[in-house]
*Asks:* 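Below you will find the structure I want to go over with you.
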Amino acid sequence: MSEGGLPFRQFVLKVHSRCDLACDHCYVYEHADQSWRGRPMVISPEAVAKAGERIAEHARDQRLSEVRVILHGGEPLLAGASRLAAIARELRRAIEPYCRLDLRIHTNGIRLDTELCELFLAERVMVGISLDGDRAANDLHRRYANGRSSYDQVMDAVALLREERYQELYAGLLATIDIRSDPVAVYRTLATLEPPNLDFLLPHGTWDSPPPGAGVPGVTSYADWLIAVFEEWDRGGRRVPVRMFESIIATSHGGISATESLGLSPSDVAVIETDGTIEQADSIKVAYDGAPATGLDIFRHPLAAAAAHPAIRARQLGIEGLAAKCRECPVVTSCGGGLYAHRYRTGSGFQNPSVYCADLEKIISHVRTDDAARRRRGHLMPRAHFDALAAGYGDAASVSDLSKAQRSVRRALLRLLRDRATEDASGVFSAGWDLLVSLDESSPAAVEDVLAHPYVRAWAERCLRAPASMPTDVGHLASIAATAAIRTGMFAELDVPVIGTYVHLPTLGRVRVGDTAIATLTVGGEGTFEVRAASGKWHIDLGANESDLDWQPVRELRAGEFTVRLEDSDPYRDVHQWPAAARLSAEDAAAWQDQFEQAWRLIEQAYPHYAPGMAAGLSVLMPLANDEPGREISATARQAYGAVAAALPASSAELALLIIHEFQHVKLGALTDMFDLCDRTDKRVFFAPWREDPRPLGALLQGTYAHIGVTDYWRLRRHSLDGPAALDADERFARWRVMTAEAIEALASSGALTPLGVRFVDGMRGTVEPWLDEPVQEAAAVAARDWAAERRAAWQRQEPDRR
Ligand code: SF4
């Protein structure tokens, strides 16, 4: 560490020092430090201007590419819309000439309304909200001074942030733990709100003043509470990023903690109070009156002076700065002695393990043990398979690993649905569940075949996102179970939902039964079944020709031994960027068959690096509606692994290109379900050479990986063409290789890849780099170079607008 200490990268700017709630666990008003009493209520324009100037100066001197400023309080929304707008503008004006500004506000949410959301959209301010869980948990502390609950207003605020228009503002939720609350109910409530990040905060306390139930020998109530949350998080497929758990997993493998309460990363936060004084992290207020003080202020001192302050430097020493017990602790790389404030004891100061020591040791060990068990169970893939995918290809074995992991995700989602299906008064879901469980024991392959259908996960996620859609959507589980029973021929009789006048049997087809809610399905032997509804009775034999229009089987596209389903009737298929087409006519289906057969032959012959992986993972082509004939549209969806959606293009060669391109997204989507390749908290956007608009890092990675396939397509295709078509292919290859290589370097230099992400991007580079030396026709090389230069210039011209 230099004499001057490490730079600050995060600044908490107090804009209003009073609050409209009276939460009894608040560290600003309810703990030892009472310095708020002597401070101005609202930050002055002069203090804001000086804060912007000091942060800009710090960013310039420390050569920082980005800083984060969090508008805080008290309750920052009490500052009012016009003052907040002025603060945001002033900070951007001062800081953005020197570095990017990630501007956020953290609020109790009760005053958040559309006017403020519009302001935050205009000024690019992300919004984090404090919410302690379900109503019971929230009402334990988060109340008005008169005791009234704040729950409904906070839920309204979160609902507002989840609206499509404001979604990009939604930074996440912060919940303070109370061990009296039900951990599963707390997690489920928070997960339903789909926060982009979920933080759990241990209530603040010290050895002098321990939080209730902490620091008692033999008692680990907080760890037990967190373990219950972890188990629920895991059962639900880990759909919500929970910082605490993700940080433990990351730090167990040499990664970086995403929370200052865990890990050995040095503290990089400074607090600027409403009067301009510079303080240490707010949590230290819990230790003693005046604990966070540095004696410095922005009017008289640069931030570098605070960075060099002994108290701040003491929090940047890593393992050397910890108590002896911590230095020898087996979980120290994940724990880091816990939050600095929680170590305080009169006499020894902060040179102690955390008051939560026993709890931290237990929860970290639990998460680590689970992580190791997951690895043993094969949820993670052999290094060679990972590397094969990173190279842009992935053979059958690598893609089978992805399929296996997706199977686990689907089963986890089903378990979560079962836990939630208490509202299934009709019993349709429960009967389906019982049948599925019994079939899973007797005929697991039949169950797997149906569960592997891409739109089963899309259906499950839809149900979990929108509990209001129960029970019709949830009842679809009975149709899934019935389909598995039909595949085995085992006798079964159960009620199934009717969706849009059809009984839907995923992977098999649909029976038109008319306008009724429920039908009864009886399986009478392998491949035969009967459907009864108020409107009639149908006996279906899957082997018979499609003579009866009431039975519409799923059609298959065949190319030699390889088949995929032409999925144009599943009621949950409409999850792609473009709307799904209605069921195709026999002629249209025949056109798909012709093109698919030729496209697959081309892929097998000319693109042998891709074909085996696709054969192992591609199961569905889903026709998209196309209201502009000639326009090429195609898509994939993370929740529909194995499906490629497209409008039928003009030629089989275009269909081959489209499948190669989209299947890259399928592979990478599944891989990122298993591993974090990018820092998910990094909100920066990057130049994507093939797009007008900047892209977040994850989207840039997706695009780059997909374009390896596109580049490779033209690289090989050009050799089988002549004349102008060959020149055109040559130029496309030259252009795509430049764009893809440039995007790979942007990813590599982003500083926001995880160690696995670095390995993955290295793999991509290893494939693309040699392509840069392949000869192309001179005219193609010149056109590609000019085009790339123009794209970069256009990007640079837009730079001021992006700021
Ligand atoms: S678990 Fe306890 S001893 Fe180990 S690092 Fe954390 S606080 Fe220190």
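Both ligands and their constituent atoms are indexed starting at 1 by order of listing. Owing to the predicted nature of the structure, the values given are computational and were not obtained by experimental measurement.
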*Asks:* Check Asp208 with Arg345, please: is the shortest side-chain N to carboxylate O separation under 4.0 Å?
*Replies:* no
*Asks:* Please name all residues satisfying side-chain hydrogen bond (donor to acceptor under 3.5 Å, both in side chains) with Arg60, sequence neighbours left out, ordered by chain then number.
*Replies:*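 Expected list: none.
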*Asks:* With a 3.5 Å cut-off and sequence neighbours excluded, list the donor-acceptor pairs that the side chains of residues 347-358 form with protein atoms.
*Replies:*
from, atom 1, to, atom 2, distance (Å)
Ser348, OG, Asn352, OD1, 2.9
Ser348, OG, Asn352, ND2, 3.1
Gln351, NE2, Gly321, O, 2.9
Asn352, ND2, Arg343, O, 2.8
Asn352, ND2, Gly349, O, 2.9
Ser354, OG, Tyr356, N, 2.8
Tyr356, OH, Pro203, O, 2.5

*Asks:* May I ask you to list the protein N, O or S atoms found at less than 2.8 Å from atom 4 (Fe) of ligand 1?
*Replies:* Cys329 SG
*Asks:* Could you check whether Glu75 pairs with Arg18 (Lys NZ or Arg NE/NH1/NH2 to Asp/Glu carboxylate O, under 4.0 Å)?
*Replies:* no
*Asks:* Between Thr274 and Lys14, is any side-chain donor less than 3.5 angstrom from a side-chain acceptor?
*Replies:* no
*Asks:* According to salt bridge (Lys or Arg N to Asp or Glu O under 4.0 Å), who are the partners of Asp139, at least two apart in sequence or on a separate chain?
*Replies:* none
